[in-house]
Amino acid sequence: ESLDAAVRALYHVISGPAGQPRDWQRLRHLLHPTARFQAVRPTGGIATFTVDDYIARNSGFLAQRGFFESESSREVKAFEGIANVWSGFEIRQSPDGAPERSGVNSIQLYFDGQRWWILSVFWDNARR
């Protein structure tokens with residue numbers, strides 16, 4: 001997979017209409033076994049999740065509610081086998097709905113000689 005394909009697939013796998021289960025196996029395929037999700041908490045601090053923690057925490061919410069996260073901007077910095085993708089995002093309840101939230105994902109990736117692995121997704125929501 002290319003770096004671009006890995007980032008696109010990340011957004012695709014977590015997005016979908018209410019009632020549609022997410023393809024958690026595909027998410028696991030995108031992420032390195034040591035991968036982490038991290039979010040800046042609005043009250044301060046950082047919440048950190050393993051892949052299984054992230055799935056357990058979000059599968060019910062994502063199954064009950066339409067959730068469409070799309071990339072709004074991108075900046076890539078890469079050197080040899082590492083890359084950081086600074087990816088602006090918007091979140092909607094439907095693909096053509098008004099954005100409810102926006103923010104930035106900092107996505108770190110590793111190239112093992114055959115494919116890109118997502119190592120970390122670290123995000124913060126814009127505070128309006």
Worksheet entry | Partner residues of E80 under the side-chain contact (heavy atoms from CB on, under 4.5 Å) criterion, sequence neighbours left out | none
Side-chain donor-acceptor distances from residues 53-61 under 3.5 Å, at least two apart:
residue : atom : partner : partner atom : Å
D53     : OD1  : T50     : OG1          : 3.4
D53     : OD2  : T50     : N            : 3.2
D53     : OD2  : T50     : OG1          : 3.2
N58     : ND2  : Y54     : O            : 3.0
S59     : OG   : I55     : O            : 3.1

Fill in: Sequence-distant partners of Q20, side-chain contact (heavy atoms from CB on, under 4.5 Å), two or more places apart
P17, R22
Discussion item. Taking side-chain contact (heavy atoms from CB on, under 4.5 Å) as the definition, give me every residue that meets it alongside A18, ordered by chain and number, with sequence neighbours left out.
Written reply: none
Worksheet item: Does S87 reach the main-chain N or O of N105 with its side chain, forming a donor-acceptor pair under 3.5 Å?
Response: no
Worksheet entry | Backbone N/O of A39 and side chain of R41: donor-acceptor pair under 3.5 Å | no
Fill in: Which atom of F67 lies closest to which atom of I14, heavy atoms considered
CD2-O, 3.5 Å
Worksheet item: Are I107 and F68 linked, directly or through other ILVMFWY residues, by side chains that come within less than 4.5 angstrom of each other?
Response: no
Response to the item:
All heavy atoms of N84 vs all of S106, minimum pair found to be OD1-OG, 3.1 Å
Discussion item. Once salt bridge (charged side-chain N to carboxylate O under 4.0 Å, His left out) is applied, do any residues pair with D96, and if so which ones, sequence neighbours excluded?
Written reply: none
Practice prompt. Applying salt bridge (charged side-chain N to carboxylate O under 4.0 Å, His left out), name anything that partners R92, two or more places apart in sequence or on another chain.
Written response: E90
Fill in: Pairwise distance CH2(W86) to CD(E75) - rounded to 0.5 angstrom
8.5 Å
